[in-house]
**Student:** 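Here's a structure for you.
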Amino acid sequence: MKKYNSILKYIFVMIAALVITGCVHDDKYNEPNLDGYQCADLTATMTLTQLSAKYASTATTAFVFPDDSKDVIEGYVSSTDETGNIYKTIYIQDKPENPTQGFVISVDAVSTYTQYPQGSKIYVKLAGLALGTYGGVVQLGVKTGTETQATSVSRIPEKLVPSRVFRSCSIRENIIPKIMTSVQMVSANDQYIGCLIQMNNAEFDSRILCTNFAPNAVTVDRLIRDNSTTTTRVVRNSGYASFANQILPSGNGKFVGIYSKFNSTYQMYINKVTDLDMTKFPRIDGIASNPCEYSDNGLTQKTVAEVKQLAASPLTLITGDFVLKAKVIANDKSGNLFKYIYVEDATGGIRINIDKADMYNDPRFTLGKEVYVKLKNLYVGAVNGEIQLGIPFSGAVGRIAEADVYKYFFNSKKAITAVTATERTITQFTMADVGRWVKIKDLQFIAGDLEKVYASGGVTNRTLEDCSGNKVLLRTSNFADFAGQVIEAGKGDVYGVLSVFNGTYQLWITDILGADLDNPRCDGSVYVPLPVLYKEEFAAGGFSSDWATANVTGPNQFWKTSNQGNGTNYYAIMNGFASGNNVNEDWLISKAVSLVGKTKAAVSFTSDVNYSGPALQVYATENYTGNPSTTTWVALPATLDTNNAAFGDWVSSGNVDLSAFLGKNVRIAFKYTSTTSAAATWEIDDFKIKGQ
Amino acid sequence: MIKKLSLISLFTLLPASYYYAQTTVFAYIKGQDGKPVERAEVDLEQSVDDVTADKIGYFQFVDLKPGHYLITVTKPNFESKVLEFDVTADEKRKDLGVIVLDNSLGTDAGVVVIDDSATDTEDGGSAMQPTVGLLSSGRDAFQNVSAFELGAYWFRPRGVDNRFEDVMFNGVSMSKNDDGRIDFNNWGGLNDVTRYPYENVDNITPSEYAFGNLGGVAYYNTRASSYRKQTSLAYSFTNRSYLHRAMATYSSGMSKSGWAFTFSGSRRWGDNAIIDGVYQDAYAYFASVEKKFSERHSINFTGFGSPTYRASNSPNTQEVYDIMGKDYNSYWGWQDGEKRNSRIRKVFEPMFMLTDYLKIGKNSNWINTVSYQIGSDARSRLDWFHAADPNPTYYRKLPSFGNYTADEFRAQSQIDWNSLYSANYLNNQNMDGSQRGAVYTIVEDLNRDKTFNFASHFDTRLKENWKLNINFNYQNLRSDNFRRVKDLLGANFAYNLNAFNNDVQYNTDDANTEVRVGDRTQYSYELLKDHYSLNVSSEVDFNKFNVVASIFSSYSQSQREGDYRSGIIAFKDNSKGKSKVYDALDAGIKGKITYKINGKNFIVYNGAFFSLAPTLNELYINPRAVDYLTPGVKNQVINSNDLSYIMRGQVLKLRLSAYYTTISNSTEISRYYAAVSNETGSVNTLINEAMSGVDKRYMGAELGFDVKITPTLNATGVASIGEYKYTNRPDVYSFDDLNTENIYRSYGKANIKDYKVAGTPQKAFSLGLKYNSPKYWWVGASANYLMDQYLDFSALNKTATMYTDPGTNDPYAGVTPELIQQLTKQKKFDDQFMLNANAGKSFLIGKYRMGISVSVNNILNNRNYVTGGFEQGRTANFTQVLEESQRQTPYFGPKLWYDRGTTFFTNVYLRF
């Protein structure tokens, strides 16, 4: 018994000892001593100037250092990528102060400042590296052979960097930026590319005042000037920089950045926004105080409706100290609206004309942002029946000059909120709705517009209809980024700005989601484009053997092809005018296309007419005799261009039904006629016979 | 002896009118060790008068008429026993002698270890949580096996998540208010005092102490006198997440002066378990002091806590496992000669309770508890400002990405602490000498809850066969949540700026953006909640039927109070200060009907229909930044039914059940860090992904049996065949720090109908044999087969957004339904076979009792079993998803945890 007890006690003591002494990580660690960690002090074998000379300005290929090269350069890191404005590049210069040569090292690594902070002395072993150019600037990289140009080099791969670029174990300097003026930025000073420079008395151009360093994810050039010349220089800002969304400093003063150039344009990169000290007024251009500051003091707020009421014919100068606070509901993002925006408040919407590109990138004009508009000295008036804000141009309201934008438009510093649409039906539109962002439910493009693009040639009207047959125009600029997209054939809700042109309501969408028509059409059908059985675009010029021309009357004029006014793209053309109107009857006849086994078929083409004259006629036959005069033709009700005052306004025929020819071989013919009193020019393109 | 009879036994003496010329039958119930077993339930088949044995194991039935009787003695953690006897007219008293209950499998082994280190991650959308079943062996073979054999492989009976289980200490729920889950860490290591729940009901069975939920209720009574008077010492050695465990428990029993004490303490620690770089050091304390004022009135104080410190292990993609092996952990790196883990969890949330026990009248009890819990739960992680992701498994460092070979990856596969310090040292100053903040830091996400509870339980016997329970609970929570700087890694200070969003201030009301060790940074907010609930249940016992009904209603008010005003303009009015109060009302009903075919055969039906208000986690979509509610958040509605056939024979015990559960309107939130690359390096931002209006269906059948092949040889078997799946297409939203314009991003509906619920094998089978020697040793083994385990999915890429071109709102070119189905198919893992064994022996050495046990899981060292995992959440478009799917080793492949292979747990204890 006792024996057991002592064993048990022994076990107990052992356990107790373990509990007390059993030690585990305590989660406390000494900070490592990193003297000599990942650094080296090498001896340079060549200067940056000598390095630069290795790549002659006349070189046609990159200069590659052999793998056994013992060459080493040294330099001081002039840049820092901590804000992300400098990207995958380490800029160096040969001396911390008064440098004589800068250089660009291209590395495939980010956040290099964590290993090579600004001011560090670094050494680069050149073995296997290469010199090449990008944008005319020589840089150090590697030649992989995958570069598109013989003279260019690739970034040094991330894993190669530690074996090529060495931080000095001891030396870190404060780089004193080299002072340069705008007028000194010439090719004679290209050795300073890569150096940290300082521009005194610098100010950002008044056209970009009160905007940001860069829009989100977009790299932009911001213009800067000093008092040495009126020429502006470029400050290139990355949309990924951590300071990108900050407002540019609006005063005059010290600018510090990395000196660089792209081809012939001298440009600078900001390392950190804290390097800039541009707060002094007055500026060189005379602006006396910070123009971006906004205060309600002394201003009377006006609503959109009140502003519209100020308009007298033809236009009215606003003299009161008024401010309009309204939300941007449509801007130029897709290019459909050009140099104007629409703003809206609870009382309505209005168009403001501004002579500025890419306004959507400006934080004042971002979609959904409330913008403050000082109205004094602006004009309000109706342009073709629509009341707009702006500055007079040719006696009507035109665009506000870009250099004056800062005078009128202020950042509300409010959060962006969703643009909400006012729901209307086509029949409910009133003049009070003009300028508003509206939603019209359940619209479809008319059958005649189907398969057409939003816009071609110029600003283009398409027609939307509701299921009761009420129609409204959808107007689209050929500069819209979606202009070349085919309109959707279904039915759906349309979102856009309502405008008016001399009493006719028009809708403007700002992207194709504005007319995302995915539901079945009003009649319940789902429109499926007919497969193309045969198409002819006359693209290369001349008629292929698929086409026959028949000259019945007037032997001197006949169907031809031309690319005049249409780039390299040809089209078919017939013109009965030759130093006077001539009598003509000319046929352009397609080959026979089989509609055997088809249940649906149609023909479509585009037409363009100029000058007055008899209309073109379109026919079909199943039974061409070889002679148009003896053939039995069936006239087709195709939509043709009716504007005979201009070229270039191509009109789509729409799908012209060929169901009478199902199961047969069909030919299509264009019959041109002219008389001595009238001879139009007709052009035909994009010919298609479709069926299934 | 009469004096010692329990109240309930006494009741059976009444009414007096029957008190003549009939027989009293009595017996004592003891355990294998010869000690009395208290509170065993004794069911007399022919009567409604079921009794509960008293403290010394005594029970009796009075007034039995002559005839043949059958009783069933049941007690949690013991195997139930059926006894038949005859009563003849001439017997006044019949002594059935001592009924010995055998310990059920596992209990005495004491090997159950709640080993949840894998759950300590924020990267996981996976619900790797231990089940309550693991806490104690239940009443039947199914529960025992599913907990102790299958539970080791994260099998969850009926697919029920931890969130739907309840653990109560003296009436106080231990579920966390933020996510509704039980944090076992709060009493980890206190196995000695939490071995025997006072009440333990399964699934939706109504409890006497709470309405319960879907996953059963374990109710602990920590009354000092309820613990057996003894001293217990135990030591364990294992290779799981720690190496050693030592436990000591002392219980005084009730003294003559009316005092009882129970103390328990333990430590679990170890530096080198199976997974690399995982270490743990956890203590636990428990003290319970009871003062008995009279036979009718006692007051008990309980205090317990479990300071735990534990390093985590990373989930990895298959590519990484293939290169590094299954023991690889990317969270650590060498520093100071030690493996330093960046992910440390420190939890200490001690609980203090005061319970008043009052007996009212002859047959009523009123138990009131007030409790207060305070403490913190901290999880650390690396953070970086304007730098590249330092994690070794960052996707750009994976061989599949193309920059590094497998060997190069291996060479840098652990955190390079020196390079992090170096970056900070080099950038402590700008070149002009001005001070600069940290590039790399370690931050901690803290949750400091202060929870006050009042729980009141009243029970009474309205009639001999009619019990009534009333439970009232009030809970007040103030949960402080924030991030703080844990280690500056050699830097002077860190910036409290949002590197993901143009360095805007996290708190614009504070001009100081420099933070130092211990300072709050990035987010800081409180969640406040008041919760009231009332539950009434009643049980009526008839000859052939036993009916239990339980109803509840609860009301809660939740609110967020932000400390930081976000620098993101859109959030400035919704980030600081108190939000609107969100109030929620819940109600529900549960019922249980037992039909006693005879004393050995039963048919049991359970039904439950109730609502559950959203947890705080579900309520606020991104509480770190704003007070916006999750769109579409609602009370979920749960409907569950099961039907069982139970057989309790001497040789064969069996339960066969079928269940059908639907959960509708639930909200599922997963929060994870996702890498977003941009030109300043990488952004690793917290994404909050929410699905609302989720409907799920859980159905299946369970079979559990226990056959006594010989008196010493038992065979146990379990078959659980379930199907747990989503049944609708819920709405998906996300919210992250990159958002500036919208409240949240809406993704439309997730096409997850018929996707399976992850987190458990849906089918599992186990067959075990156990030899129980009369000489106090046993040996057992089980073969387990796990089937239909699915990967937890990320909902974002299950929506049409993935294949829809945002420019046209139409599908991208090349999109076909077949291709989408192929790209979004849920990953199903292979079926796995696992072999377990255990053995033990106990000795009686005078007054000392000693036991040794060994259990080994996964003897075949099967390393192919995925215990948890998740699809990496990222918003990718169709082209990217297609590209990724065509890669031989996708670098955004799912992150997985694998089973650790063979693990053992040895335990030796000494009791006296």
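The figures here come from the full heavy-atom set of this structure, side chains too, leaving out hydrogens, waters and symmetry mates. Note on naming: letters A, B, ... go to the chains in the order of the sequence lines (proteins, then strands), and numbering restarts at 1 for each one. It should be emphasised that the depicted structure is a prediction, and the values quoted were computed from it without experimental measurement.
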**Student:** Below 4.5 Å from any heavy atom of chain B, which atoms of A:Asp518 appear? Answer side chain, backbone, both or neither.
**Tutor:** side chain
**Student:** Walk me through whether A:Glu82 and B:Arg436 qualify under salt bridge (Lys or Arg N to Asp or Glu O under 4.0 Å).
**Tutor:** CA-CA 11 Å; A:Glu82 62 186 280; B:Arg436 217 184 156 287; 2.6 Å; yes
**Student:** Given that the side chain runs from C-beta out, which part of A:Asn245 has a heavy atom under 4.5 Å from chain B: side chain, backbone, both or neither?
**Tutor:**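 Both the backbone and the side chain of A:Asn245 come within 4.5 Å of chain B.
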**Student:** Quick one: does B:His386's side chain get under 4.5 Å of A:Asp81's, heavy atoms only?
**Tutor:** no
**Student:** Using side chain to side chain contact (heavy atoms under 4.5 Å, CB included), reason through B:Trp384 and A:Ser111 one step at a time and then give a plain yes or no.
**Tutor:** CA-CA 11 Å; B:Trp384 54 96; A:Ser111 301; over 6 Å; no
**Student:** Going by heavy atoms in the side chains, are B:Thr808 and A:Phe482 under 4.5 Å from each other?
**Tutor:**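 Of all side-chain heavy-atom pairs linking A:Phe482 with B:Thr808, none is under 4.5 Å.
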**Student:** Does B:Tyr425 reach the main-chain N or O of A:Leu34 with its side chain, forming a donor-acceptor pair under 3.5 Å?
**Tutor:**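 Here the side-chain-to-backbone pair does not exist.
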**Student:** Using a 3.5 Å distance criterion without hydrogens, assess whether the side chain of B:Asn502 forms a donor-acceptor pair with backbone atoms of A:Ser242.
**Tutor:** yes
**Student:** What is the minimum heavy-atom distance between B:Asn427 and A:Pro117, and which atoms define it?
**Tutor:**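 Looks like OD1-CB, 3.6 Å.
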**Student:** Ignoring hydrogens and angles, tell me if any N or O in the side chain of B:Asp336 forms a donor-acceptor pair with the backbone of A:Asn30 under 3.5 Å.
**Tutor:**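 Answer holds: yes.
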**Student:** Between B:Asp432 and A:Asn174, is any side-chain donor less than 3.5 angstrom from a side-chain acceptor?
**Tutor:** no
**Student:** Which heavy atom of B:Ala387 sits nearest a heavy atom of A:Thr114, and at what distance?
**Tutor:** CB-CG2, 4.2 Å
**Student:** Which atoms of A:Ile175 are under 4.5 Å from chain B, going by heavy atoms: the side chain, the backbone, both sets, or neither?
**Tutor:** both
**Student:** For B:Asn403, does its backbone N or O pair with a side-chain atom of A:Lys159 as donor and acceptor, under 3.5 Å?
**Tutor:** yes
**Student:** Nearest heavy-atom pair of B:Phe385 and A:Tyr113: which atoms, and what distance?
**Tutor:** O-OH, 3.4 Å
**Student:** If I take atom NZ from residue A:Lys414 and atom NZ from residue B:Lys572, how far apart are they, to the nearest 0.5 angstrom?
**Tutor:**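 A:Lys414 NZ to B:Lys572 NZ: 8.5 Å, rounded to 0.5 Å.
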**Student:** If you take all heavy atoms of B:Asn341 and A:Tyr29, which pair is closest and at what distance?
**Tutor:** N-OH, 4.4 Å
**Student:** Tell me, for A:Pro32 versus chain B, whether the close heavy atoms (under 4.5 Å) come from the side chain, the backbone, both or neither.
**Tutor:** both
**Student:** For A:Glu173 and B:Met431, which heavy atoms make the closest approach, and how far apart are they?
**Tutor:** O-CB, 3.5 Å
**Student:** Is it the case that more than 12 heavy atoms not belonging to A:Lys333 sit under 6.0 Å from its NZ atom?
**Tutor:** no
**Student:** Under the side chain to side chain contact (heavy atoms under 4.5 Å, CB included) criterion, do B:Asp503 and A:Thr83 qualify, and how do the steps go?
**Tutor:** CA-CA 9 Å; B:Asp503 294 351; A:Thr83 63; over 6 Å; no
**Student:** Just by modelled atom types, is the B:Leu426 backbone N or O under 3.5 Å from a matching donor or acceptor in the A:Arg172 side chain?
**Tutor:** yes
**Student:** In Å and rounded to the nearest 0.5 Å, what is the CD to NZ distance from A:Glu158 to B:Lys397?
**Tutor:** 8.0 Å
